[in-house]
Amino acid sequence: MAFIICLFIKITLFSVFTCSANAQLSPFYYSRTCPNLQFIVTNTMRQAISKEPRMGASILRLLFHDCFVNGCDASVLLDDTTTFTGEKNAFPNINSLRGFEVIDTIKSNVEASCSGIVSCADILALAARSAVFLLGGPSWLVPLGRRDATTASQSAANTNLPPPTANLSTLISMFATQGLNARDMTALSGAHTIGQARCTTFRDHIYNDTNINTTFATTRKATCPGPSSGTGDDNLAPLDVVTANRFDNGYFQGLLTRRGLLHSDQELFNGGSQDGLTRVYSFSYVAFANDFANAMVKMGNISPLTGLNGEIRKNCRVVN
Ligand code: HEM
Ligand SMILES: *[C@@H]1O[C@H](CO)[C@@H](O)[C@H](O)[C@H]1NC(C)=O
Ligand SMILES: *[C@@H]1O[C@H](CO)[C@@H](O)[C@H](O)[C@H]1NC(C)=O
Ligand SMILES: *[C@@H]1O[C@H](CO)[C@@H](O)[C@H](O)[C@H]1NC(C)=O
């Protein structure tokens, strides 16, 4: 039955919808129990982004950092306490992840309309989809029905999330571990068409790497002083040098002119297996948008908790 519905949607609506191997998730999971869910999420995201455009990027990144650490189960949202160690202080997350207050606002708006029904994991998946769309990117149907973790893993966050120093083979293998292929990896890296990074994440790249546009490196060094200065670690620069706040294919155009901000970004166009695809995405927004939407559904389907596993958290920051 789920398969037939899936097939029907695929044929009649649009090709960006990928049917999940996990038959338990469905885009219509809350159709009767929380009919205004997607409207509430999009409206709250619209307010947050109009207050601060970067917030769209921050929410999109939260989903990635949730899904790569034992699946899309909202584990990343759990606060540390004296008796609980969560993921927020893991190396890739500390002083870096943001947007938790926005997720709290969405959750309380959703609770006001349908209490105790919608998981924080589903809210995050929907919020990321809205963020991309509101910043000019594609939309897609989000399979729903995830439940929330009662545990988190700081060590898995340290192990599973790729560092900005990663080379192409490391990037491909870390995504493969999550069931995502090289094409998914390159498309998903296009999330860096929005958002900012701190000097500490790209200092080595602009001072020491050779696969970088020298004019661009000079520009970035002006606001990201070298290691001997001992300052500037938190100074920000846009990940997409072409169009920083718009979800388009400017990121890939920047890679073609060797203006990727992170070492890992430029690895997608450095004489390796992803050069061709990067070139295609730089020419064709549509090709990128389709692959990105498909890959977001795939990433969102990583090991969800369903059925009797997990819980529907009351507060996204704490286990019930
Ligand atoms: C391919 C491997 C990836 C690496 C090595 C990587 C690394 C990074 C780093 C180092 C930052 C800057 C963090 C900071 O300065 O605090 C960043 C920002 C960001 N990343 Fe990634 N990332 C990767 C893939 C992804 C994926 C798959 C997504 C989402 C689908 C994503 C979405 C973002 C966004 C939107 C930002 C900006 C966040 C903001 O402005 O708040 N990244 N990433
Ligand atoms: C990529 O990085 C990994 C881990 O640092 C290293 O073992 C590997 O040799 C590197 N591969 C290439 C092709 O440079
Ligand atoms: C660059 O490489 C040199 C020599 O290997 C090293 O001392 C330095 O810390 C590296 N990083 C930066 C940002 O210069
Ligand atoms: C460096 O970037 C500029 C745009 O700022 C571009 O015109 C130039 O072709 C780039 N150089 C290389 C080697 O890609």
Side-chain angles (χ1 to χ4, degrees), residues 48-49 52-68 72 91-100 102 124-125 128-129 131-132 135 137 160-176 178 180 182 184-205 210-220 224 233-242 244-245 247 251 253-274 282 291-293 295-300 302:
I49 289 172
E52 192 207 9
R54 187 186 173 196
M55 193 47 76
S58 303
I59 298 292
L60 175 57
R61 184 164 187 242
L62 274 186
L63 180 67
F64 166 49
H65 284 219
D66 183 30
C67 294
F68 266 52
C72 312
F91 185 70
N93 295 340
I94 192 168
N95 296 326
S96 181
L97 285 186
R98 53 203 298 285
F100 299 110
V102 172
L124 190 50
R129 187 268 309 262
V132 169
L135 292 170
N160 296 359
L161 292 164
T165 51
N167 60 32
L168 183 60
S169 51
T170 298
L171 292 172
I172 290 174
S173 77
M174 291 186 87
F175 277 68
Q178 305 289 341
L180 299 167
D184 298 325
M185 187 278 293
T186 297
L188 287 170
S189 296
H192 290 177
T193 181
I194 53 175
Q196 313 264 323
R198 291 165 303 140
C199 169
T200 183
T201 67
F202 59 82
R203 186 180 273 129
D204 280 0
H205 180 52
T210 49
N211 61 335
I212 187 169
N213 188 310
T214 51
T215 315
F216 173 68
T218 304
T219 306
R220 286 291 166 261
C224 179
D233 279 9
D234 293 333
N235 293 358
L236 296 172
L239 284 155
D240 174 0
V241 67
V242 182
N245 284 325
F247 198 100
Y251 167 79
Q253 292 165 4
L255 296 185
L256 257 65
T257 44
R258 313 256 163 209
R259 291 179 294 162
L261 185 62
L262 308 178
H263 175 81
S264 53
D265 290 326
Q266 199 58 59
E267 281 293 287
L268 304 181
F269 191 78
N270 191 27
S273 65
Q274 301 306 293
S282 79
D291 283 0
F292 183 80
M296 283 294 287
V297 173
K298 263 176 96 171
M299 184 174 83
I302 298 172

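All ligand and atom numbering here is 1-based and tracks the order in the structure. Worth saying up front: this structure is predicted, and the values here are computed from it rather than measured.
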(request) For Ser169, counting its heavy atoms only, list the atoms of ligand 2 lying under 4.0 Å from any of them. (result) 1 (C), 11 (N)
(message) Only heavy atoms of Thr170, strictly under 4.0 Å: list the atoms of ligand 2 that pass.
(response) 1 (C), 2 (O), 3 (C), 4 (C)
So do [Y] and [X] actually touch side chain to side chain, heavy atoms under 4.5 Å?
X: Ser273; Y: Leu168; result: yes
X: Pro162; Y: Phe64; result: yes
X: Val241; Y: Arg220; result: yes
X: Tyr251; Y: Val242; result: no
X: Pro164; Y: Phe202; result: no

Which of the numbered atoms in ligand 1 are under 4.0 angstrom from any heavy atom belonging to [X]?
X: Phe175; result: 1 (C), 2 (C)
X: Ser96; result: 13 (C), 14 (C), 16 (O)
X: Ser264; result: 5 (C)
X: Pro163; result: 5 (C)
X: Leu171; result: 1 (C), 2 (C)

(request) List the steps, then state whether side chain to side chain contact (heavy atoms under 4.5 Å, CB included) holds for Arg54 with Ile194. (result) CA-CA 8 Å; Arg54 187 186 173 196; Ile194 53 175; over 6 Å; no
Cut-off 3.5 Å, side chains only: do [X] and [Y] have a donor facing an acceptor?
X: Ser96; Y: Arg61; value: yes
X: Gln253; Y: Ser282; value: no
X: Arg259; Y: Thr257; value: yes
X: Asp240; Y: His192; value: no
X: Asp204; Y: His263; value: no

(request) Can you figure out which of Thr165, Asn167, Leu171 has its heavy atom closest to atom 1 (C) of ligand 2? (result)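 Heavy atom nearest to atom 1 (C) of ligand 2 belongs to Asn167.
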(request) Nearest 0.5 Å please: distance from the CG atom of Asn270 over to the CG atom of Asp265. (result)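 CG of Asp265 is found 12.0 Å from CG of Asn270.
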(message) One residue to check: Leu188. Relative to ligand 1, which of side chain, backbone, both or neither has a non-hydrogen atom less than 4.0 Å away?
(response) both
Nearest-neighbour protein heavy atom for [atom], which is reported as residue plus atom name and distance:
atom: atom 15 (O) of ligand 1; result: Arg198 N, 2.7 Å
atom: atom 41 (O) of ligand 1; result: Ser58 OG, 2.6 Å
atom: atom 9 (O) of ligand 4; result: Thr257 CG2, 4.4 Å
atom: atom 2 (C) of ligand 1; result: Pro162 CG, 3.4 Å
atom: atom 39 (C) of ligand 1; result: Arg54 NE, 3.4 Å
atom: atom 35 (C) of ligand 1; result: Ala57 O, 3.1 Å

(request) Report yes or no: does a heavy atom of Ala166 sit under 4.0 Å from some atom of ligand 1? (result) no
(message) Checking the side chain of Ser173 only, and the main-chain atoms of Thr170 only, is there a donor and an acceptor separated by less than 3.5 Å?
(response)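 It does hold such a pair.
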(request) Answer yes or no: is there a donor N or O on one side and an acceptor on the other, between the side chain of Thr218 and the main chain of Thr214, under 3.5 Å? (result)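 Indeed, once roles are kept as given, a pair shorter than 3.5 Å links the two residues.
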(message) Any protein heavy-atom neighbour for atom 11 (N) of ligand 2 (distance below 4.0 angstrom)?
(response) yes
(message) Is atom 5 (O) of ligand 2 touching the protein, meaning some protein heavy atom lies under 4.0 Å away?
(response)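 Given the 4.0 Å cut-off, atom 5 (O) of ligand 2 does not count as touching protein heavy atoms.
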(request) Have a look around atom 21 (Fe) of ligand 1 and list protein N/O/S atoms under 2.8 Å, or say none. (result)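 Sorted hits: His192 NE2.
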(request) Can you see which heavy atom on His65 is nearest to which on Leu161, and at what distance? (result) ND1-CD1, 3.5 Å
(request) Please determine if Asn213 has a nitrogen or oxygen closer than 3.5 Å to a nitrogen or oxygen of ligand 4. (result) yes
